[in-house]
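The sequence lines fix the lettering, A, B, ..., with proteins before strands; numbering per chain opens at 1.
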Amino acid sequence: MDNVLEVTGLTTRFSKESGTITVVDQLDLHVKRGETLGIVGESGCGKSATSLSLMRLLDNNATLTGSIRFNGKEVLTLSEAEMRSLRGKEMAMIFQEPMHSLNPVLTIGRQISEVLHEHEGDSKAAVKQRVLDLLTVVGISRAEEIYRDYPHRLSGGMRQRVMIAMAIACNPSLLIADEPTTALDVTIQAQILNLIKKIRKDIGMSVIMITHDLGVVAEVCDRVMVMYAGQAIETADVRSLLRNPKHPYTVGLLQSTPRQRAKRLHSIKGSVPTSENKPNGCRFAPRCDRVMTICWERNPVFHPVDQHSSCRCWLFTQDKDHDQESSVVGG
Amino acid sequence: MTTPILEVKGLCKLFRMKKGWLQQPHYVHALNGIDVSVYEGETLGIVGESGCGKSTLGKCILRLLDPVQGEIRFQGNEIGKMNKNEVRAVRRNMQMVFQNPFETLNPKLTIGHILTEPLIAHCVPREQRQALLEETIEIVGMSKQHLSRYPHEFSGGQRQRIGIARALILRPKLIIADEPVSALDVSIQSQILNLLQDLQEQFSLTYVFISHDLSVVEHIADKVAVMYLGEIIEFAEKEKLFGRPLHPYTQALLSAKPITDPDDTREQIVLSGDLPSPSNPPEGCKFHPRCRSRMEICKVELPKLSEKEGHSVACHLYQSFAAIDSS
C-alpha cells in the first residue's frame, strides 16, 4: 500500500484545571499518495484538533497517544528539531483565515522566502526567483509587485493564494487544508478550490481537506471521513457517502443542507455535545432518530459495512454480542 | 396584491473616507440607486458577495444608517426623512436579527433582561411584560427557565433563537435578518431556518433575508435580489432567478456554488479576479472587468435595471431586447 499517512489509534487529550478532556478519540485514518481525503463535521467535532495533532502544533497541555506514520516515519517520537524540518517541507498546512496566519509586518516575498531559507538554503537570488515562480503558479499575475507588498494590501482570496504558495514552496507530499475557503466568497472559493485541485495534480501531493461544507467535499475530495464528538463515525468514497450515506448523522447532515425543492428542512435535534459532557454509549444517541436501547449502553465500534464504506453505528452491526465484547468504550 | 409593505426607491448611501486633513474627502458609494419592494408575508432574499452593500441596505431600511438620497416607504409612510423619535416609533414594527449571536447579546444581562429591553423602549405596560416574555421564549422553542440565565450558558443555535425572540417580542410586521444562519453549523442552521418559516406563518411576518449563501436564500426566499458593488443587478422571483439566471454575474455565482452531488455536470464558470474596491469602482458596468460576455459598450455605459415579465436585470446583453419590446 502506498500510503503517505497512516494514523492508528490517535487520541488527543487536553489537561485543564477541571480535569482532562479528550478531543480526538481513537482515530484511525490513512491517506494514499495523490489522494484527497475530506474530514467533515460540525464545530467542536475535533476536526481541527486532528489536523493540529498531525502537525504536532498543539499547546503544551496536550498529550498525543497512538501512532502517526508519515512516509514511513513515526511522527510522534520525532524530536522538536526533526519536527521542524518536517513541517513546511514534507507536510504543510493552510488555515481558515489567511490574515491571521500571515505576519502583518513582513512583506509577502520575505514570508515565502523564509520557508525556502529554512529548508533549502539556496542563494538569495535563487530564492527570490523561486518565490516569484511560486506566486505565478498560484495565479498571482503581478508577482514582482506583490513580492514587495504587505498582507493588509491584499484581498482575502489573494492572501489565501499566498498561503498556498508558502505551503507548496518545498513540494510537500501532504497538504493539510483547514477550512481554506470558509472565509471567502463563493466566486473566490471556486477559484481557490480549482487552484488546490490543479496543484495537487501538478506536484502529485496528497491533500487532507477539512471542512464543514459537504458541497466542497463533493467538489474536491476522493474519500471522506465524517467526525462527530471526536470520533470518526463514517468513512467512504465520496460517491457512496453522498449517494448512499449510512450513519444517521451523515444522513441528517445531507438532509439539512438547504434545497429549493424541500418545503421544510430536515433538522437534527439538539446540538453537538461538549467535550466534557459526552454521553455514554453512542455519542450521537441523544440526537438520533433511529436510536435503539443498545445505543444508550455501548458505543458501537467502527467497522466496514460494505466495500465502499465503514461506519460506527449499531444499525449496521450484525453480531451485536460479539462486538460488545471487543468494542472500545469511549471515555 | 395591494401596495407593498416596504418600498425602497433610488436609495443611495455614501461613506466619507478621509485620509489626512489636507486631502479632499473621498466618498465610497456603498449603495447606488437601490429600488426594491416587498409585499406583506413575502420573503425578499438579498444575495451578494462581501462588500456588495447588502448589510448597508438592511441598516438603511431600519434607519440605523441614514441614507443620502432616496425614499423608504414602510406601510405607506416615508421614513427616510423622519426624525429620531418618529423612527423609533416605526421600529416597533420593523426589527432586526443579526449575524453573530455571540456578539449581539449583552453578556452581563440575563435573557429575561435582554428580552425586556425592547418592551421598555416601546413603553409596553409593566403588567403585560412577563406574559409576553414567557410566551415569546416558548414560541422560539426554549423554556421560561432560560429567562434567568446568561448568554454564555447557551449554544450558538440557542443564542440565535434568543436573538429572534428579541426581534419578535414587539410582534413586528417586518424582520430584517442579516446573515442569521451564517455563523451556525448545518444541522443547527436548518433548525433556525425552519423556525423562521414557522414564525412567518404564525405571525404573517415579512422578511428581508440578507445572506451570501445562495442555497439558504433559494430555500427561504420568495423573491431574490442579487447585488454587486452597491447596485441591484438582477431581481426576480426565486424560481425564475434560480431557474434561468440572466446576468452573467448571477450565472457565475450559481455555478460557483458547490453542491452535494457527485454526478454534478454543470459547467462551472470561474470568475477571474476579485471584487473591485467599492471606493474605486470600474467605469461603465461595474462587473465588466470580470465578465466573460463583456462588450465594448459595457466599458463606458452603466446598464440600467430593466424589467421583462417580472424579471429585472441590469446588463447590456438584455437592454436591446427590452428596447425592442417597449417600442
Side-chain angles (χ1 to χ4, degrees), chain A residues 40-45 139 141 154-158 181 183-195 211-221 237-243 245 249 252-272 274 287, chain B residues 47-52 141 154-158 181-195 197-198 211-221 228 238-239 242-243 249 252-264 268-277 290:
Chain A
V40 197
E42 296 182 278
S43 36
C45 72
S141 47
L154 307 182
S155 65
M158 289 281 261
T181 57
L184 306 175
D185 285 314
V186 277
T187 57
I188 311 297
Q189 164 168 299
Q191 294 174 359
I192 297 292
L193 292 180
N194 278 354
L195 177 68
T211 178
H212 67 278
D213 187 341
L214 285 161
V216 171
V217 167
E219 208 105 310
V220 295
C221 298
D237 62 87
V238 92
R239 255 192 85 83
S240 327
L241 188 101
L242 297 174
R243 278 271 179 265
Y249 176 65
L253 268 189
L254 278 165
Q255 286 177 346
S256 338
T257 317
R259 279 148 302 164
Q260 186 186 359
R261 266 157 281 151
K263 181 81 194 85
R264 228 186 128 70
L265 286 176
H266 171 87
S267 61
I268 306 177
K269 60 189 180 211
S271 51
V272 183
T274 57
R287 303 179 71 191
Chain B
V47 264
E49 296 183 280
S50 40
C52 72
F154 295 99
S155 67
Q158 285 174 313
V181 294
S182 318
L184 308 173
D185 281 316
V186 194
S187 69
I188 310 298
Q189 173 177 307
S190 57
Q191 293 173 0
I192 299 293
L193 290 176
N194 284 341
L195 173 69
Q197 282 180 318
D198 293 344
S211 179
H212 70 281
D213 188 334
L214 291 154
S215 328
V216 171
V217 170
E218 186 176 11
H219 177 75
I220 201 163
Y228 190 78
K238 167 174 78 178
E239 287 77 16
F242 284 88
Y249 176 65
L253 263 186
L254 289 179
S255 87
K257 175 185 79 171
I259 55 170
T260 52
D261 183 355
D263 303 317
D264 168 30
Q268 207 183 28
I269 310 166
V270 177
L271 290 179
S272 56
D274 289 318
L275 194 75
S277 153
R290 300 174 77 192

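- A 4.5 Å side-chain heavy-atom check between B:S187 and A:R287 finds at least one atom pair inside the cut-off.
- Side-chain contact between B:P258 and A:Q189 is present, with at least one heavy-atom pair separated by less than 4.5 Å.
- Atom CG of A:L242 sits about 10.5 Å away from atom CD1 of B:I259, to the nearest 0.5 Å.
- Residue contact with chain B, scored on non-hydrogen atoms closer than 4.5 Å, involves the backbone and the side chain of A:Q191 alike.
- Heavy atoms only, all atoms of each residue included: A:P258 and B:V216 are closest at CG-CG2, 3.9 Å.
- Contacts of A:E219 with chain B are made by side-chain atoms alone, with heavy-atom separations under 4.5 Å and no backbone atom involved.
- Using a 4.5 Å cut-off on side-chain heavy atoms (C-beta onward), B:H212 and A:V186 make no contact.
- For A:L193, no part lies under 4.5 angstrom from a heavy atom of chain B.
- When heavy atoms are compared at a cutoff of 4.5 Å, B:Q158 does not approach chain A at all.
- Among B:I269, B:L253, B:L214, B:L271, the residue with the largest count of heavy-atom pairs under 4.5 Å with chain A is B:L271.
- At a threshold of 4.0 Å, the pair B:K257-A:D213 does not count as salt-bridged, since none of the basic side-chain nitrogens sits closer than that to a carboxylate oxygen.
- Residues B:N194 and A:H266 form no side-chain contact, since every pair of their non-hydrogen atoms from C-beta on lies 4.5 Å or further apart.
- With contacts defined as side-chain heavy-atom distances shorter than 4.5 Å, the pair B:Q189/A:S267 does not qualify.
- No side-chain heavy atom of A:L265 sits less than 4.5 Å from a side-chain heavy atom of B:Q191.
- Heavy atoms of B:S50 lying under 4.5 Å from chain A belong to its backbone as well as its side chain.
- Inter-residue side-chain proximity for B:S215 and A:T257 is flagged as unmet; no heavy-atom pair is nearer than 4.5 Å.
- Interface residue B:S272: only backbone heavy atoms are found under 4.5 Å from chain A.
- The CG atom of B:D198 sits 4.5 Å away from the CZ atom of A:R264 when rounded to the nearest 0.5 Å.
- Closest non-hydrogen pair, A:E42 versus B:V186, comes out as OE2-N, 4.1 Å.
- The CG atom of B:D213 sits 11.5 Å away from atom CG of A:D185, with the distance rounded to the nearest 0.5 Å.
- Only the side chain of B:V270 comes within contact range of chain A, with at least one heavy atom under 4.5 Å from a heavy atom of that chain.
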